Amino acid sequence: MSTPKDTTVQAAGCVLWRRSRATGEPELCLIHRPKYDDWSWPKGKLKRGEEALAGALREVAEETGCRAVPGPELSTQRYRANGRPKKVRYWAAEAVACAFSPTDEVDRVLWLDPAAARDRLTQAHDRPLVDELLAVLHLPRTAG
Ligand SMILES: Nc1nc2c([nH]c(=O)n2[C@H]2C[C@H](O)[C@@H](COP(=O)(O)OP(=O)(O)OP(=O)(O)O)O2)c(=O)[nH]1
């Protein structure tokens, strides 16, 4: 008996962070996508045969212009997009060098403190990743 083909869309991304030069506190990177007018984590679909972590770092580079050092893996998100199941794996990643240029896909990036990032994220599903990042950095959770 043949197994049905898995039509799940595979994607990966990062909760990209850096330390504020002013305060030393973490700042998280959100991207703005004009197509949806939304604020989300940098992420995207994997290319054929691409490892998820490599894809996550490639998407970070393409969408934010940042080179990043990956940390622990965070929760995987699953939802339906365009009628198909979608799986998005996430890693914590520290930005080490950034040079952002706006594109049609991502026209702005913002670096926000954890509470502000949580508030700015468009999708409720994306918000728990803020506290997951703080947990792996051994910092207290945000309110809300
Ligand atoms: N980012 C995000 N989008 C979601 C979630 N749940 C959910 O229904 N969506 C919606 C937002 C969009 O209307 C739709 C497709 O967005 P998407 O970001 O997954 O897909 P995409 O193909 O445009 O982008 P990408 O994977 O290449 O980054 O899914 C969620 O938990 N996170």
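Not measured: the values here are computed from a predicted model. Indexing begins at 1, ligand by ligand and atom by atom, following the structure's order.
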Between Lys35 and Glu105, does any NZ, NE, NH1 or NH2 come within less than 4.0 Å of an OD or OE carboxylate oxygen? no

Evaluation steps, disulfide (SG to SG under 2.5 Å), between Cys66 and Cys29: CA-CA 10 Å; Cys66 293; Cys29 183; 5.7 Å; no

When you measure from atom 19 (O) of ligand 1 to every protein heavy atom, which one gives the shortest distance, and what is it? Tyr79 OH, 2.5 Å

Atoms of ligand 1 under 4.0 Å from any heavy atom of Lys45, numbered from 1 in the order shown, are 21 (P), 22 (O), 24 (O), 25 (P), 26 (O), 27 (O)

Which residue owns the protein heavy atom closest to atom 16 (O) of ligand 1, what's the atom, and how far is it? Tyr36 OH, 3.7 Å

Passing candidate, side chain to side chain contact (heavy atoms under 4.5 Å, CB included) with Lys87, options Asp6, Leu46, Thr76, Val9: Thr76

Look at atom 5 (C) of ligand 1 and find which of Arg78, Gln123, Glu105 reaches it with the closest heavy atom. Gln123

Quick check: does Arg33 get an N/O under 3.5 Å from an N/O on ligand 1? yes

With the threshold set at under 4.0 angstrom, would you say Glu59 reaches ligand 1 through any of its heavy atoms? no

Polar proximity ligand 1 side, Glu63 side, N/O cut 3.5 Å exclusive: no

Test of understanding: given a 4.0 Å heavy-atom threshold, classify the contact between Asp126 and ligand 1 as side chain, backbone, both, or neither. side chain

If we count only N and O atoms by modelled type, under 3.5 Å, do the side chains of Glu132 and Ser75 hold a donor and an acceptor together? yes

Taking the side chain from Arg127 and the backbone from Leu121, do they hold a donor-acceptor pair closer than 3.5 Å? yes

Protein contact to atom 26 (O) of ligand 1 [nearest heavy atom, distance to 0.1 Å]: Lys86 NZ, 2.5 Å

Residues in side-chain contact (heavy atoms from CB on, under 4.5 Å) contact with Thr7, at least two apart in sequence or another chain: Arg84, Pro85

Are more than 12 heavy atoms from other residues, nucleotides or ligands located less than 6.0 Å from atom CZ of Arg19? yes

From atom 18 (O) of ligand 1, work out which of Gln10, His125, Lys43, Arg127 has a heavy atom at the shortest distance. Lys43

